[in-house]
Amino acid sequence: MSVRVRFAPSPTGPLHIGGVRTALYNYLLAKKEGGQFILRIEDTDQNRLVAGAEDYIKESLEWLGLVPDEGPGYGGDHGPYRQSERKGLYAEYAQKMVADGNAYYAFDTPEELDKMRKEQEALGHHSAKYDARIRMQMRNSLSLAKEEADKLIASGEGIIRLKMPDNEDVSFVDLVREKVTFNTKELDDKVILKKDGMPTYHLANVVDDHLMKITHVIRGEEWLSSTAHHVLMYRFMGWTAPQFTHLPLILKPTGKGKLSKRDGAKFGFAVFPLEWHDKKEDEIYAGFRESGFDPKALLNFLVLLGWNPGNDEELMSMARMTELFSLDKIVKSGARFDVDKSKWFNQQYLMATADEALLAPVKAAMPQGVICDDSYLMTVIGLMKERVTKYGDFYTEGNFFFSAPSSYDDKQIKKRYTAELDSHFAQIDILISASDGTAPAMETAVKGYLTDNELKMGVYLPLLRIMLCGELKGPDLFQIMAVLGKDEVGERNSKALAYFKTL
RNA sequence: GGCCCGUUCGUCUAGGGGUUAGGACGCCAGGUUUUCAUCCUGGUAGCACGAGUUCGAAUCUCGUACGGGCUACCA
């Protein structure tokens, strides 16, 4: 049987980075096994739908290269892939469970449920459940007279709840955690079909996974505790359950708890793949794409957050990840999001990528109004790529390639500059403008002059660099001169020298 | 509170009865680059705690602590 996995986000907002990792693991398993990676939109909660969220999810997956084989807009023989469009399907299965005595109709109002919970709490029962102990005291098709219940059902009042067996151990195998057991007396009679006719996650999930022939359910750990309910539903329906794998959570960089959408702003990094404009809060959340990350680097970083290939390999192409991926190497404990390491991965990708391939993304990250031609930018890329971590850094860190420095490192200037140097700088300027403008020529000329006159390179060279760049960092000095051109170098030097005198 | 899951350097992790507990990020130092980055070399730092099993425990068992998840007509 061919492996079929699904990524099933609910379109209630942007795709969280943890969701991206879940999608990645699903994708990798599908590709490794030659199976299908399915996108299913779980939009059963009509109240929480957010406009644009589904498009955001798809755009994210496409940017990342995790393109679904089946899904809304991607084709496939098991559609529709939006649960809202499958609405009619679910009731039939819920009713079958009712007919078989494995589920029942309930008519309690929210107020009544609230009252029950409060009463139970007063009795000392913490977080009361709608369960075997309580259900005969509530209003449902089990406790009410048949005629009354039928009337309520006919009037469309009812919802459907799962009838949990009393005091029974339900076990299932989680590929990461091995055997996990829950006793049904700890489990509540979950609502599976809501008042509006929509299924809850639990029903929709089981029905769709079965109908879509899903073989492996790979999802976040938050689902582990409801898996017993799901296992029971498979049993009630006489279906074979898929293999379950629950992924550890991704935690905040520091402090307690799982990574949340606020952490991005708080720690100054992105927690979403793409920038997201939250219209309700009127807030913009940063995206990895906009922050100048390469999707391959992001994925490489993410794949190692909760999984390892069993050897020391860290830098992996998509093909290599696919080759090495296996569910049994997934780690059990939650992983902290390490911002520094994510940057390191991106830098590794930048350095390993050809200049030509970098051109388009670097161009896209340039601020508006900066004009330069492709070949110039390519040269800059070649000179800068091992000094930056993100696409936007080519401009911010290599600013001097695009305009004369607007400020200078005063401290470093004062350490070295005295007015006696002026005449030599004038001579150097002359040598530069007399040269052919190539880096080696200028280097020979300048260094030759300094040597001949027994002048300190450690004084002149850094000052020359500050004149051109404003600070003591960047690529080889003479390469910069060659890129800038003799004339520009001359202009910057005299401008800077004038400033040096004022210090 | 209850149930379930987890716990190896600061972080991501390898190791699953006998290892000098390995690697990576970060950090520190040195070298290269008369700058910065890259690169190279070295260093720093860890088995949550307590019992038990065993000749021997990071590894197995139990307990404790801590962390996390769930406990909705949300997913």
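First the proteins, then the strands, lettered A, B, ... as listed; each starts at 1. Note: hydrogens, waters and symmetry copies are ignored here, and every other heavy atom, side chains too, is used.
If you take atom P in B:A14 and the same atom in B:G23, they sit 15 Å apart, rounded to whole Å. Taking the P atom of each, B:C55 and B:U13 are spaced 36 Å apart, rounded to whole Å. Comparing B:G63 with B:C4, their P atoms sit 11 Å apart, to the nearest whole Å.
When the side-chain nitrogen and oxygen atoms of A:Arg177 are compared with OP1 and OP2 of B:G6, none of them lie within a distance under 4.0 Å. Under 4.0 angstrom from either OP1 or OP2 of B:C74 there lies at least one side-chain N or O belonging to A:Lys194. In this structure, A:Ser333 does not reach the B:G68 phosphate: none of its side-chain N or O atoms is under 4.0 Å from OP1 or OP2.
Using a 4.0 Å heavy-atom criterion, one finds that A:Lys332 contacts the sugar-phosphate atoms exclusively. At the heavy-atom level, A:Thr181 lies under 4.0 Å from the strands shown only through sugar-phosphate atoms.
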message: Protein within reach of the bases, or only the backbone? For nucleotides 22-30 of chain B, mark each nucleotide 5' to 3' as B, S or -, using heavy atoms under 4.0 Å.
response: -SBBS----

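A:Asp393 places a side-chain N or O within donor-acceptor distance of the main-chain N or O of A:Thr389, the cut-off being under 3.5 Å.
Comparing B:C73, B:G69, B:A37 against the side chain of A:Ser225 picks out B:G69 as the nearest.
With a 3.5 Å ceiling on both atom-pair distances, the Watson-Crick or G-U wobble partner of B:G1 is B:U71. B:C66 is paired with B:G6 under the Watson-Crick or G-U wobble criterion, all donor-acceptor distances under 3.5 Å. Remark: B:U20 base-pairs with no nucleotide in the shown strands. Criterion, Watson-Crick or G-U wobble with two distances under 3.5 Å. A 3.5 Å limit on both hydrogen-bonding distances identifies B:G43 as the Watson-Crick or G-U partner of B:C27. Taking a pair to require two hydrogen-bonding distances under 3.5 Å in either a Watson-Crick or a G-U wobble arrangement, B:U54 remains unpaired.
Ion pairing between a basic and an acidic side chain is recognised when a charged N comes within 4.0 Å of a carboxylate O; A:Lys96 and A:Glu92 show no such pairing. In this structure, A:Arg465 does not pair ionically with A:Glu471, as no charged nitrogen and carboxylate oxygen lie closer than 4.0 Å. Between A:Glu221 and A:Arg177 there is a salt bridge, since a side-chain N of the basic residue sits under 4.0 Å from a carboxylate O of the acidic one. A salt bridge between A:Lys385 and A:Asp355 is present, with a side-chain N of the basic residue lying under 4.0 Å from a carboxylate O of the acidic one. With respect to the salt-bridge test (charged N to carboxylate O, under 4.0 angstrom), the residues A:Asp338 and A:Lys341 do not qualify. With respect to the salt-bridge test (charged N to carboxylate O, under 4.0 angstrom), the residues A:Glu42 and A:Arg82 do not qualify.
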Protein-nucleic acid N or O pairs under 3.5 Å, nucleotides 65-67 of chain B:
residue: B:G67; atom: OP1; partner: A:Lys256; partner atom: NZ; Å: 2.6

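Cation-pi geometry between A:Arg161 and A:Tyr130 is met: the NZ or CZ atom falls under 6.0 Å from the ring centre, inside 45° of the normal.
With sequence neighbours excluded, no residue satisfies side-chain hydrogen bond (donor to acceptor under 3.5 Å, both in side chains) with A:Asn453.
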